[in-house]
Amino acid sequence: MTPVTYLDFELGVAPARDGSVTVTLLRSPAGEARAEAVLPAAPPSLADDPLATPIELAQDFGAALFDALIGGEIRNRYDVSRQMAAAQGQGLRIKLRVDAPALPPLPWELLYDARLGDFVCLAQTTPLVRYVALPQPLQPLQVELPLRILGMVAAPEGLPPLDSAREQARVDAALAPLRAAGQAEWRWLAGQSWRALQQALQQGPWHIFHFVGHAGFDAARDEGMLLLAGEQNEAAPLYAGELARLLGDHRSLRLAVLNACEGARVGESSNFSSVALRLTQRGLPAVLAMQYPITDRAAIEFGQSFYGALAAALPVDAATGEARKAVSLSRPGAIEWATPVLHMRAPDGVLWQAQAKPTKVEE
C-alpha cells in the first residue's frame, strides 16, 4: 500500500454563551478562522442502543454536526485545504480538540458531508482524530524489528461472554505475514489480573498493548475502568489512573487498543477521566477505544483490518480509517464503524520508525 501523508486541519471546540460553542480553526493549509455555532443533540438511540440507530438518522445528525463544526468561513478554509492537499498528493487530517467535560459527549466520528454523500472519516483522505495537546515533547520511537505486541483477554465470571478466541485467531492471521518475515511478534497474556499484566510488561519492550474485555465508568469516582479478573475470577475493576500507572513507565509503548465498551467515555469533571485519555495524559502517543458497545463481529473485523493496515506501514489514523471502512462494508446499514475513537498525540500519526535488526558479522 502506498504510504499516506497528510496536511492538518486542526479545530478547537469550546463552550461559549447561551448554549453555543466557539469553533476555532487553529491551523490549516488555507489559514485560520473562528465561528460560533450551536451543536445538534445526538439521537438518544446512539447512547441507548447504537445498533438500532437507522443509517438515515445517523446521516441527518452527521450532516447537522458537519454544518455546525465546519460552516461559514471555516467551510471555505476546509474546501480550499482539501484542494491544496489533493494537489500535493496528500490527505487532510482533521484534528479535533474538544473541551470534553464542558460539552455534551458527541460522536464526532459521524461527521457527514452531504455534498459528497458520505461520512467524512470513511475516506482515507480525511481521517478524524481527537487530538490531545500536552506539554511533553513526543518523537517517533526508533524500533528495532520485530514490533512487539502484548495482547490481554479478561473474561471474569458474571459478565457477558466474549468471542475472544475468534478475535485472537483473526488478528493472528492478519499479522501472520509480518511474523513470517520477522517484523512482528505477538504474545497473548495467559493471566487476566493486573498482577499478570504487570509481570508481562516487565518482559518488554512492548510497542502495542491490545486489550479484549469489558470496561465501565464509575460515576461516583468520575473515572473509567477496565474489568479484569480477581483471585476468584470475579470482576475486578482496574481504574484509568491505575492502568496509566502500570503502562506509563514503559516508554517503548506507543499504542493501546482497548476493545472494550466505554473505554472512551469521559466524565463531567475532567478531560482525562476516561481510560483512553488518562493513558494519553501519561504519555502514550495513541489510544484506540470504544465510545459505545460494539459487537464481537465488528470488533474482530476492525482489529483484523487495523493491524493489516499498520502492517502495510500506514500511519495510525489512516489504519483506523481503513478499519472503519472494513466494518462499514461488512455490516452495511449499521454504524458500528463510528464506535472506535482514536485519541492521538503523535502529530503526524507516525508512532515508530522501524529499522531492521543489524546483521551480525562473523569475524
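Everything numeric in this text was worked out from a predicted model, so none of it was measured.
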Around [X], counting heavy atoms of other residues, nucleotides and ligands shown, do more than 12 lie under 6.0 Å from its [atom1]?
X      : atom1 : answer
Gln203 : CD    : yes
Arg115 : CZ    : yes
Arg34  : CZ    : no
Glu231 : CD    : no
Arg187 : CZ    : yes

Is [X] linked to [Y] within one hydrophobic cluster, defined over Ile, Leu, Val, Met, Phe, Trp and Tyr using a side-chain heavy-atom separation of less than 4.5 Å?
X      : Y      : result
Leu106 : Val38  : no
Leu26  : Leu96  : no
Leu189 : Leu201 : yes
Leu310 : Met344 : yes
Val80  : Tyr6   : no

With the threshold set at 4.0 Å, does a side-chain nitrogen-carboxylate oxygen contact exist between [X] and [Y]?
X      : Y      : answer
Glu242 : Arg245 : no
Arg75  : Asp67  : yes
Arg297 : Glu301 : no

>> Restricting to non-hydrogen atoms, name the atom on Asp317 and the atom on Pro127 that form the minimum distance, rounded to 0.1 Å.
In response: O-CB, 3.9 Å

>> For a quick test of reading the model, state the closest non-hydrogen atom pair linking Pro160 to His214 and the distance between them.
In response: O-NE2, 2.8 Å

>> The test is side-chain contact (heavy atoms from CB on, under 4.5 Å); show your working for Arg77 and Phe9 and say whether it passes.
In response: CA-CA 9 Å; Arg77 299 279 196 269; Phe9 191 83; 4.3 Å; yes

>> Once rounded to the nearest 0.5 Å, what's the spacing between atom CD1 of Ile70 and atom OG of Ser81?
In response: 10.0 Å

> For the residue pair His210 and Tyr307, is the inter-centroid distance of their aromatic rings smaller than 6.0 Å?
Replying inline: yes

> After noting the C-alpha distance and the side-chain angles of Phe119 and Ile55, does the key distance pass the side-chain contact (heavy atoms from CB on, under 4.5 Å) rule?
Replying inline: CA-CA 11 Å; Phe119 295 95; Ile55 188 69; 3.8 Å; yes

>> Before you tell me yes or no, could you show the steps for Phe302 and Thr320 under side-chain contact (heavy atoms from CB on, under 4.5 Å), namely the whole-Å CA-CA distance, both residues' side-chain angles and the distance that decides it to 0.1 Å?
In response: CA-CA 8 Å; Phe302 187 92; Thr320 303; 4.0 Å; yes

> Leu11 and side-chain contact (heavy atoms from CB on, under 4.5 Å): which partner among Thr24, Ile74, Val98, Leu128?
Replying inline: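 That would be Ile74; it is the only one of Thr24, Ile74, Val98, Leu128 passing the side-chain contact (heavy atoms from CB on, under 4.5 Å) with Leu11.
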
> Who pairs with Gln88 by side-chain hydrogen bond (donor to acceptor under 3.5 Å, both in side chains), at least two apart in sequence or on another chain?
Replying inline: none

>> Run the side-chain contact (heavy atoms from CB on, under 4.5 Å) test on Val212 and Gln168 for me, step by step, so that the C-alpha distance in whole Å, both residues' side-chain angles and the decisive distance to 0.1 Å come before the verdict.
In response: CA-CA 9 Å; Val212 180; Gln168 288 173 287; over 6 Å; no

> Judged by modelled atom types alone, do Gln90 and Thr5 share a side-chain donor-acceptor pair under 3.5 Å?
Replying inline: yes

